[in-house]
Amino acid sequence: MKSFEIARLFEQMADALELQGGNPFRVRAYRRAAQNLETLSEDVEVLARAGRLEEIPGIGADLAGKIDEYLRTGHIAEIETSCRRVPRGVMEMLAVPGIGPKTARQLYEREGVTSVAQLERLAAAGKLRGRHGIQARTEQNIVRGVQLLRRGQARMQLGRALPLGRDLVRALEDVRGVKTVMLAGSLRRMKETVGDIDVLAASSEPAAIIKAFTGLRQVAEVLERGTTKAAIRHREGIQVDLRVVDPESMGAALAYFTGSKQHNIRLREMAVKRGLKISEYGVFRGRGSQRIAGASEEEVYAAVGLPWIPPELRENTGEIEAAQARRLPALVTLDDVRGDLHCHTDATDGHHSIEALVAAAASRGYAYVAVTDHSRATRVAGGLDIDELRAHVGRIRAVARRHPRIAVLAGSECDILPDGRLDYPDEVLAELDLVIASVHTRFKQPKREMTRRICTALANPHVHILGHPTGRLLGERDPYALDLDEVLRAAKRHGKALEINAYPDRLDLCDTHARRARDLGVLLALGTDTHMLDHLGYMELGVATARRGWVGASQIVNTWPLEKLRSWRQPAG
DNA sequence: GCCGTTTTCGGCCCGACTGTTTTCAGTCG
């Protein structure tokens, strides 16, 4: 992914400039450009060839030139020069919580500190105190910050953070004087991973709730405790920030605290142009303190002439412009989903029977559910050979007869072999109601081979859905090399759906890929990859990913009524 | 370095907490 490589270089440039005391607005320009490159849904190389780089927000003539230079030569001369002026170790010091550019620069220039390890040694030995406003307390914080960094400031998966956040919300809702408690931040925006959990409470008695919060049994350590704000480290390791506001400011605070930062900056800029000021306390006219809005988010957006924008879209990737034009997409909701199309049972590596799965799906109110166990090539998962599959299908049909209120589709998650053939012959696939084709082997194939392998599978008339299309595992395995645009075009051509696999480790397609699929008009399918009954609940993560990709219900096959789904699976002629 | 319904130059979001300082700079979100 070239755009990620360039984004990383721009981030490095911003760090280097900051450490050299460069123009802070120039620093910000690099960071903004980096962020927009990371969330790009189109291929940066394609944009460059078409001379459309300057259409990316935050990219002007200069940065477009630098992107071109990188794509041509593999490096950017000016950035390399600038980064060489500061030792790598000094750049790394910025990752220590509490160490910013000013401190890092002082430590480097005045004390000759050039690495995180050296910084830790000096702080632990008490050799920094009495210099540049550092005392014993700051030394302690540095040592602790370095340890925190070492333990891995790895971000937590959405699927893990969400229950932790909801548990805290429940605990705080019982505190006396609390009106409302809500999750905010990247968790409310449903990003695939979060760095911390943000909780916002409306209360006229902030002291009581701060006290209750810092005393919760979930707290491992109190990091910060003010009058309206506190921060703790959760027993599960993640940091939790609580902010308490007056109920009349709840909307403004929610907007502010939900972010993203870039989205907020855009809102505030729009406010300034209208002679208004937006803060977490409300919307104010002029420099006076006349509050004109703030109790609800709708009011805040209305103050700058916008309709309310769903949190999942608030990344400053076009949602402000869409809102201005009154063209915000109608996003899919959990209620739109009529069935789960990717479920395993104990016939392979699932932990429950067909019967239990169907009963659980029915109790969720689904109109249909697909049983899609592994095919024979996935030996580690106990994949079924042809005879076993036929027997399995027989059992599925028998269970289905006992559950007339829910349609049970007998399917398979069938391996795509390295040459693009499916793991079962066509005549066997033809006996199934639904076929998900997935790659589970030979991840390291070169890009062209992998792309051809998947496009060949999509051309098979018995295949309906491409399972977890890029194979990535969050924090564990990179996506396989793949020309996604070519796969999307193949799916479009053959009328096939790409899965948004809702399993928390996968979320594959991811949000930006889902958005690309949306833009190209490719069908999508939500599946939880359920292996235990609780996993059916992951559907909300898949829905969230689709929403972050601007996807509406009509493009997702399992929001369709059963009849429409059936006719899509068996195209006429 | 970007950007334009006041601007092609002169702006560029806003506030809390900490640790140190006696009124604020640095960091963070």
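Order of the sequence lines fixes the chain letters, A, B, ..., with proteins taken first and strands second; residue numbering starts at 1 for each chain.
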Relative to its sugar, using the 90° cut-off around 0, the base of B:dT21 is anti
A:Lys102 near the nucleic acid: base, sugar-phosphate alone, or nothing, with a heavy-atom cut-off under 4.0 Å?
sugar-phosphate
Roughly, in whole Å, what's the span from CZ in A:Arg28 to P in B:dC28?
18 Å
For a quick check of understanding: with a heavy-atom distance under 4.0 Å over all strands, which category does A:Ile99 fall into, base, sugar-phosphate or nothing?
sugar-phosphate
If I pick the C1' atom on B:dT27 and the same atom on B:dT21, what distance separates them, to the nearest angstrom?
16 Å
Check whether any side-chain N or O of A:Arg26 sits under 4.0 Å from OP1 or OP2 of B:dG1, and answer yes or no.
yes
Sugar-phosphate only, base, or nothing, as touched by A:Asp62 at under 4.0 Å among non-hydrogen atoms
sugar-phosphate
For A:Val272, report the nucleic acid contact type (base, sugar-phosphate, nothing); a contact means any heavy atom under 4.0 Å.
sugar-phosphate
In whole angstrom, give me the gap between the C1' atoms of B:dC28 and B:dC13.
14 Å
Heavy-atom donor-acceptor pair, A:Tyr256 side-chain to B:dG15 base, under 3.5 Å
no
Please step through salt bridge (charged side-chain N to carboxylate O under 4.0 Å, His left out) for the pair A:Arg515 and A:Asp511, ending with a clear verdict.
CA-CA 6 Å; A:Arg515 187 162 174 188; A:Asp511 50 8; over 6 Å; no
Check this one for me: any side-chain N or O of A:Asn23 less than 4.0 Å away from OP1 or OP2 of B:dG1?
no
With a non-hydrogen cut-off below 4.0 angstrom, is A:Pro24 in contact with a base, only sugar-phosphate, or nothing?
nothing
Assign A:Arg137 to base, sugar-phosphate, or nothing according to its heavy-atom contacts below 4.0 angstrom with the strands shown.
sugar-phosphate
Take atom P in B:dG11 and the same atom in B:dT7, then report the distance between them in whole Å.
14 Å
What is the nucleic acid contact for A:Glu78, judged by heavy atoms within less than 4.0 Å: base, sugar-phosphate only, or nothing?
sugar-phosphate
Looking only at the side chain of A:Thr103 (C-beta and beyond, no hydrogens), which of the listed nucleotides B:dG1, B:dG15, B:dG26 gets closest?
B:dG26
Taking any strand in view, what nucleotide pairs with B:dC12 in a Watson-Crick or G-U wobble way, both distances under 3.5 Å?
B:dG1
Reported OG1-to-CD distance for the pair A:Thr545 and A:Glu192, which is rounded to 0.5 angstrom
7.5 Å
Base, sugar-phosphate, or nothing: which does A:Arg225 touch, judged by heavy atoms less than 4.0 Å apart?
sugar-phosphate
